[in-house]
Structure formats: structure tokens, C-alpha cells
Amino acid sequence: MKTKLSLSSLALLLIATAIFGTVAYFSKSFTSTGNTVQAAKFNVNAVNESGETIGDGQFSLGENFYPGMDPVKVYAFEIQKNDTEVPVTYQVDLIPSGKLFPANGNSPIVLSLERKVNGEWKEIDHTSTFKPTVDNEQFRIFARWPHGDNDINFQGKTGNLKLKVVATQVDEEEGPPFYTGSIAFKATPSGDIRTTANKEVNFYKNDQGNKVIEVKMGEGNGEFEKKVGNFTITESQEGGNTWYKVVTDHEYYAGPKVWKLTADRVNTSQAGVIDFRKDTNVYLTIESQQLYKWFTGNK
């Protein structure tokens, strides 16, 4: 149906729930006396735009929701690491339910979750697990209703959206193998932003002494795996300049047509993140503490 519907009776209640967990890794025993032992701090919090810990029923789409509407920001929140001293991962999940979000996935409502990385908002999967790269990680949720053939069937229906945030203590990263945090790839100015996370990454210097980064998709079958696939970043010396060439399994513009950039366009200003910025709106970013340390330590 292509006509605009006015759904005065449509209301969407959204529930935000903050869940924080830790693994009890702290264990100390001593044979001498008079020693003081202090456990490392674990003090993660998730807050809304007002700085308040998120809770139930904090945001609502109201009744001005209809087919063909522009995307609407329905909620923004921040995960604060505070004075946490142990390594952690965050999991952010959007869980819809109710008649407006049928179990078969045919809801007309399209939800998107964005995370601020290197000063830019990037869409991430609704279910994402990653290691924080800054003390305060920022997120926002958008909702839109594209025109569809069965829009009329959803007028007056309601649904719930649960936002789940989990912070968990993890072991220090050891390897190899090593695994990435978030990865985002925008191959062309008008192309889509492909995102994924938790992929195996290998890095080494080849026989010519140039850096090589290999990222493997494993058994994943998401959009990134299908549209981009495994990829390799190879350093080379050409015409007096250092270049980085990206070749992927599936992305046309990073295959036979080589996707490459000079070393001066690689941004490492954010700890733990390597930003291969081919152009203002064309980039490949990889989060990995171990990769970052190796890359920035091997000039």
C-alpha cells in the first residue's frame, strides 16, 4: 500500500532495561600477614540523555507513526565505564515483541541501532558484543516505517521493545588467534555501511617487510559476511609513498578494482581503533587492542 495512513490509535510502548553482570574472577590467597588486597573496580553504568540510569518505560513513539515517515530518533543512551579497572565487553540488544512485531519478522517497523565511533554515528547489529574503546560509549535508536503492501493490517496494533545492556568482565586478550571488536566498511560514497564484530584477525609482516592484516569471517552468515566476506589489508611502497590495499571476497569495489589509500589517511588517534579513511565518507574501521598495538608499534 503506497498511501499514507493516519493511525491515531497506534501507540508503541518501549521498555529499557539495564542489566549488569560480572564474572567473579577475583581470588587471592596469602601466607604472610599484614597485607592489603584491593579488588579491581567494576563500576559500569548505562544512562539516558539526562544522565539517569535507564529503566522501564522511558521512551515512547507516541501516535504520530505512519507508513512513509522519515526515520525518528526514539532514544539515546550512554554506557559509562567510570572507574572500572578490569577488561569488559558490552552487549547491546533490541528485543521487539507484541502484535506490531510478529514473530515471523514481517513487522513494517524498521529499527536501527547506531554507535558513535571516532566521532561518527555508525549503524551496528541489534545484537552486538564489543569491547569499549572510550570511557563513555554513546548509542541511539531510530525507527522508521517504509511503505509496504500490508501496512493497513498493522493499524491500531501495539508492540514492545526491550533494550538490554549487559556489561561483563572478560579475561585479558591473549592470542593468537586474536579477535576484533566492531568492524565497519563503507566501500563507496553512496554504498551501504556494512558492520560486523568478533572476527578472527591475524597480522604480520610479509617477506618484503610490509604489514599484512587478515580478517576471517568464520561461520557467520550476516550481511557483512555475504556482501564483504574475508578481507586482507596489505601495505606496499609505491612512488615514494606507503599504501594500504584492501581486497575482499565479495565487495566489487574492493576486489578486482583495488580499494587503496595512502598511509597519511590512516587515523589511529582513537586508542584501539584503526580507521582506514579513503575519503570523508569512504572508510574501513577495525577495533582491536592487540592489532592496534602491533600496527602503531611497527612504523
Side-chain angles (χ1 to χ4, degrees), residues 87 115 117-120 122 124 130-134 172-220 222-299:
R115 176 187 174 201
V117 179
N118 249 2
E120 295 184 3
K122 297 182 179 180
I124 62 175
F130 56 89
K131 293 183 178 180
T133 58
V134 293
E172 291 282 1
E173 186 176 12
E174 298 179 357
F178 300 107
Y179 292 88
T180 71
S182 297
I183 300 174
F185 188 32
K186 193 171 189 299
T188 64
S190 59
D192 293 332
I193 302 174
R194 314 288 186 191
T195 61
T196 190
N198 300 322
K199 299 302 179 183
E200 182 178 340
V201 57
N202 299 306
F203 39 89
Y204 56 91
K205 286 193 173 183
N206 60 19
D207 293 341
Q208 289 73 43
N210 291 318
K211 298 173 187 173
V212 179
I213 301 170
E214 299 174 340
V215 179
K216 300 178 181 179
M217 295 299 103
E219 299 179 355
E223 189 75 5
F224 194 102
E225 289 81 356
K226 294 176 182 177
K227 300 294 186 179
V228 180
N230 302 324
F231 64 88
T232 302
I233 304 170
T234 306
E235 183 184 58
S236 64
Q237 312 299 322
E238 304 172 27
N241 291 319
T242 299
W243 292 80
Y244 289 96
K245 178 176 66 175
V246 178
V247 177
T248 74
D249 281 352
H250 307 305
E251 172 56 59
Y252 177 77
Y253 290 99
K257 292 188 176 181
V258 173
W259 197 96
K260 66 179 184 178
L261 67 160
T262 52
D264 63 299
R265 300 200 67 86
V266 180
N267 184 354
T268 57
S269 61
Q270 181 176 344
V273 178
I274 305 176
D275 183 350
F276 296 90
R277 183 69 48 163
K278 185 177 181 181
D279 204 346
T280 303
N281 200 30
V282 180
Y283 54 83
L284 168 63
T285 59
I286 306 173
E287 291 183 358
S288 168
Q289 293 294 337
Q290 294 297 332
L291 173 61
Y292 180 87
K293 291 176 183 177
W294 173 83
F295 188 89
T296 56
N298 282 277
K299 299 298 185 182

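Positions are given from 1 along the sequence.
When every heavy atom of Ser182 is checked against every heavy atom of Ala197, the shortest pair comes out as CA-CB, 4.0 Å. Minimum heavy-atom separation, Val282 to Ala187: CG1-O, 3.3 Å. Between Thr280 and Arg277, the shortest heavy-atom contact is O-NH1, 2.9 Å.
Side-chain contact between Lys199 and Met217 is present, with heavy atoms from C-beta onward closer than 4.5 Å. Contact of the Thr180 side chain with the Glu287 side chain is not registered, since no non-hydrogen atoms from C-beta on lie closer than 4.5 Å. No side-chain heavy atom of Tyr283 sits under 4.5 Å from any side-chain heavy atom of Asn267. Side chains of Trp259 and Thr248 form no contact here, defined as non-hydrogen atoms less than 4.5 Å apart. Looking only at side-chain heavy atoms (C-beta outward), Gln270 and Tyr292 stay at 4.5 Å or farther from each other. Residues Thr196 and Val228 form no side-chain contact, since every pair of their non-hydrogen atoms from C-beta on lies 4.5 Å or further apart.
Atom NE2 of His250 sits about 12.5 Å away from atom CZ of Phe231, to the nearest 0.5 Å. Atom CD1 in Ile233 sits 4.0 Å away from atom CZ in Phe276 (nearest 0.5 Å). Taking CG of Asp249 as the start and NZ of Lys227 as the end, the distance is 14.5 Å to the nearest 0.5 Å. Between the CG atom of Asn210 and the CD atom of Glu235 there is a distance of 4.5 Å, given to the nearest 0.5 Å. Residue Trp243 holds its CH2 atom at 9.0 Å from CG of Asp264, rounded to the nearest 0.5 Å. Summarising the geometry, atom CG belonging to Asp192 is positioned 9.5 Å from atom CD belonging to Glu251; distances are rounded to the nearest 0.5 Å.
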*How far apart are the C-alpha atoms of Ile213 and Trp294, what are their side-chain angles, what is the distance that settles it, and do they pass the side chain to side chain contact (heavy atoms under 4.5 Å, CB included) test?*
CA-CA 11 Å; Ile213 301 170; Trp294 173 83; 4.1 Å; yes
*Stepwise, does the side chain to side chain contact (heavy atoms under 4.5 Å, CB included) test hold for Tyr204 with Glu214?*
CA-CA 9 Å; Tyr204 56 91; Glu214 299 174 340; 2.8 Å; yes
_What verdict does the side chain to side chain contact (heavy atoms under 4.5 Å, CB included) test give for Tyr244 and Ile274, after you've listed the backbone C-alpha separation in whole Å, the side-chain angles of each residue and the deciding distance to 0.1 Å?_
CA-CA 12 Å; Tyr244 289 96; Ile274 305 176; over 6 Å; no
*asked:* Would Ile286 and Leu291 count as a side chain to side chain contact (heavy atoms under 4.5 Å, CB included) here? Give the steps.
replied: CA-CA 9 Å; Ile286 306 173; Leu291 173 61; 3.9 Å; yes
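Looking at Val215, Thr285, Thr195, Asn198 one by one, the single match for side-chain contact (heavy atoms from CB on, under 4.5 Å) with Ile183 turns out to be Val215.
Remark: side-chain polar atoms of Asn281 are paired, donor with acceptor, to backbone N or O of Pro189 under 3.5 angstrom. Judged by distance alone, with hydrogens and angles left aside, the side-chain atoms of Lys245 form no donor-acceptor pair with the main-chain N or O of Val258 at under 3.5 Å. Put simply, the side chain of Arg194 never gets that close to the backbone of Phe185: no donor and acceptor are under 3.5 Å apart.
Salt bridge annotation for Lys186-Glu120: absent, with no cationic side-chain nitrogen under 4.0 angstrom from a carboxylate oxygen.
For Lys122, the NZ atom sits in a packed shell: over 12 heavy atoms of surrounding residues, nucleotides or ligands are nearer than 6.0 Å. The number of heavy-atom neighbours closer than 6.0 Å to NZ of Lys260, taken from other residues, nucleotides and ligands shown, is above 12.
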